[in-house]
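Please read the structure below before turning to the comments.
Bear in mind the structure is a predicted one, so any value in this text is a computation, not a measurement. The basis for the numbers below is simple: all heavy atoms, side chains too, and nothing from hydrogens, waters or symmetry mates.
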Amino acid sequence: MPDRTPYVAANWKMHKTVAEAAEFVDALLPRIAATQSDVAICPPFTALSAVVERRYGTAVKVAAQNMHEEASGAFTGEVSAAMLAELDVEAVVLGHSERRQLFGETDEALARKVPAALAAGLEPILCVGETEEARDGGQTEAVLERQLQAGLAGVEGGKLGDVVIAYEPIWAIGTGRTATPEQAQEVCAYIRDLLRERGAAADAVRILYGGSVKPDNATELMGQPDIDGALVGGASLDVGDFAAIVKAAG
Ligand code: PGA
């Protein structure tokens, strides 16, 4: 199995102004200077440039939280992959469950967004995850298979290793109800099996777990064989908590 560099990403959602983002990054950088892990910050669009400027010269990546699949056009309120790349943003979160549930994000759009991100040189962080209802109904694997099939439909085998997958069970997001390490590992192993059907790079793909990751559960979750890091929401808003999670990743 190839060594996969641990990866911790801060999904700030609709939090932090430019001033707050700048203050956070200035406080974070010295605290995580020794990390061997990949670290990404996903601020709102308005704070992307401020975070990009502050992290130059460090290993911290900057990711947007969404983008449109088209290069340009009459899509009021949207931004394209090239617009993000121009800001020196390196990655983009795609298919977050809040986008899917609250803003009508579809698998069809994601099938186009993931290759559009790759074509612009952005690393797609593709989010997948089941609702509580789907889990209780024994549909977890079917939901994940559908989401992955769609999201990766336009990705050539050779590019698979450039995609990051975030497994976020919807019932664990912002609820304080974390999947147990065993539950999370079981699903992430299943995701890796699905990736193996798509190409040899499957073992290089980082699979992150997300859903109420905190400093006190991060070590155990990220210690699972198929969990390569975390996508952190609530706990990423606090610099001490986020630094502790990065430290737990190694
Ligand atoms: P949470 O959010 O850590 O607050 O549960 C995770 C996410 O939505 O990415």
How about [X] and [Y]: do any of their side-chain heavy atoms sit closer than 4.5 Å?
{"X": "Thr140", "Y": "Tyr190", "answer": "no"}
{"X": "Ile173", "Y": "Ser97", "answer": "yes"}
{"X": "Tyr56", "Y": "Asp88", "answer": "yes"}
{"X": "Val39", "Y": "Phe242", "answer": "yes"}
{"X": "His68", "Y": "Ser80", "answer": "no"}

Any donor-acceptor pair under 3.5 Å linking the side chain of [X] with the backbone of [Y]?
{"X": "Arg192", "Y": "Ala202", "result": "yes"}
{"X": "Lys16", "Y": "Pro44", "result": "no"}
{"X": "Thr35", "Y": "Gly250", "result": "yes"}
{"X": "Asp38", "Y": "Lys61", "result": "no"}

Nearest 0.5 angstrom please: [X] [atom1] to [Y] [atom2], how far?
{"X": "Leu160", "Y": "Ile165", "atom1": "CG", "atom2": "CD1", "value": "7.5 Å"}
{"X": "Asp228", "Y": "Arg4", "atom1": "CG", "atom2": "CZ", "value": "4.0 Å"}
{"X": "Arg198", "Y": "Arg196", "atom1": "CZ", "atom2": "CZ", "value": "14.5 Å"}
{"X": "Asp193", "Y": "Asp226", "atom1": "CG", "atom2": "CG", "value": "8.0 Å"}
{"X": "Gln65", "Y": "Leu84", "atom1": "CD", "atom2": "CG", "value": "11.0 Å"}
{"X": "Arg206", "Y": "Asp162", "atom1": "CZ", "atom2": "CG", "value": "10.0 Å"}

TODO: Decide side chain to side chain contact (heavy atoms under 4.5 Å, CB included) for Val114 and Glu69; before the verdict, give the C-alpha distance in whole Å, the side-chain angles of both, and the deciding distance to 0.1 Å.
DONE: CA-CA 8 Å; Val114 176; Glu69 61 271 29; over 6 Å; no
Hey, any chance [X] and [Y] share a hydrophobic cluster, counting ILVMFWY side chains that come within less than 4.5 Å of each other, even indirectly?
{"X": "Ile125", "Y": "Phe45", "result": "no"}
{"X": "Leu208", "Y": "Leu118", "result": "no"}
{"X": "Val60", "Y": "Val18", "result": "no"}
{"X": "Leu231", "Y": "Val143", "result": "no"}
{"X": "Ile170", "Y": "Val232", "result": "no"}

- [ ] Output, in order, the C-alpha distance, side-chain angles, deciding distance and verdict of salt bridge (Lys or Arg N to Asp or Glu O under 4.0 Å) for Arg55 and Glu90.
- [x] CA-CA 12 Å; Arg55 70 75 218 256; Glu90 292 106 337; 2.7 Å; yes
Task: Result of checking Arg100, Arg112, Arg99, Lys113 against Asp107 for salt bridge (Lys or Arg N to Asp or Glu O under 4.0 Å) - done: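 Option passing the salt bridge (Lys or Arg N to Asp or Glu O under 4.0 Å) with Asp107: Arg100.
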Task: side chain to side chain contact (heavy atoms under 4.5 Å, CB included) between Tyr167 and Leu144, worked out - done: CA-CA 9 Å; Tyr167 167 57; Leu144 293 171; 4.2 Å; yes
Non-hydrogen atoms of [X] and [Y] that approach each other most closely:
{"X": "Leu148", "Y": "Leu194", "result": "CD1-CD1, 3.7 Å"}
{"X": "Ala235", "Y": "Ile245", "result": "CB-CD1, 3.9 Å"}
{"X": "Leu122", "Y": "Ala81", "result": "CD1-O, 3.7 Å"}
{"X": "Ala120", "Y": "Ala82", "result": "CB-N, 4.3 Å"}
{"X": "Gly176", "Y": "Ser212", "result": "N-OG, 2.9 Å"}
{"X": "Ala117", "Y": "Val92", "result": "CB-CG1, 3.8 Å"}

More than 12 heavy atoms of other residues, nucleotides or ligands under 6.0 Å from [atom1] of [X]: yes or no?
{"X": "Gln183", "atom1": "CD", "answer": "yes"}
{"X": "Lys13", "atom1": "NZ", "answer": "yes"}
{"X": "Glu156", "atom1": "CD", "answer": "no"}
{"X": "Glu182", "atom1": "CD", "answer": "yes"}
{"X": "Glu186", "atom1": "CD", "answer": "no"}

Task: Polar contact flag, side-chain donor to acceptor under 3.5 angstrom, Trp171-Glu133 - done: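 Trp171 vs Glu133: no donor-acceptor pair found between side chains.
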Task: Residues His96 and Glu105: side-chain donor-acceptor under 3.5 angstrom - done: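 The criterion, which ignores hydrogens and geometry beyond distance, is not satisfied for Glu105 and His96.
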- [ ] Evaluate the side chain to side chain contact (heavy atoms under 4.5 Å, CB included) criterion for residues Ile41 and Arg54: first the C-alpha distance (whole Å), next the side-chain angles of each, then the deciding distance (0.1 Å), finally the verdict.
- [x] CA-CA 12 Å; Ile41 297 180; Arg54 274 176 172 73; over 6 Å; no
Task: Among Val93, Val164, Leu152, side chain to side chain contact (heavy atoms under 4.5 Å, CB included) partner for Leu126 - done: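 For Leu126, the side chain to side chain contact (heavy atoms under 4.5 Å, CB included) check succeeds only for Leu152.
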TODO: Evaluate the criterion side chain to side chain contact (heavy atoms under 4.5 Å, CB included) for residue pair Val89 and Val52; output intermediate values, then yes/no.
DONE: CA-CA 7 Å; Val89 164; Val52 165; 4.2 Å; yes
Open item on the list: As a quick check of understanding, evaluate salt bridge (Lys or Arg N to Asp or Glu O under 4.0 Å) for Asp241 and Lys214, giving each step before the final call.
Closed with: CA-CA 7 Å; Asp241 283 354; Lys214 308 278 182 240; over 6 Å; no
TODO: Take the angle between the ring planes of Phe24 and Trp12 and call it parallel below 30°, perpendicular above 60°, tilted in between.
DONE: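 It falls in the perpendicular class, over 60°.
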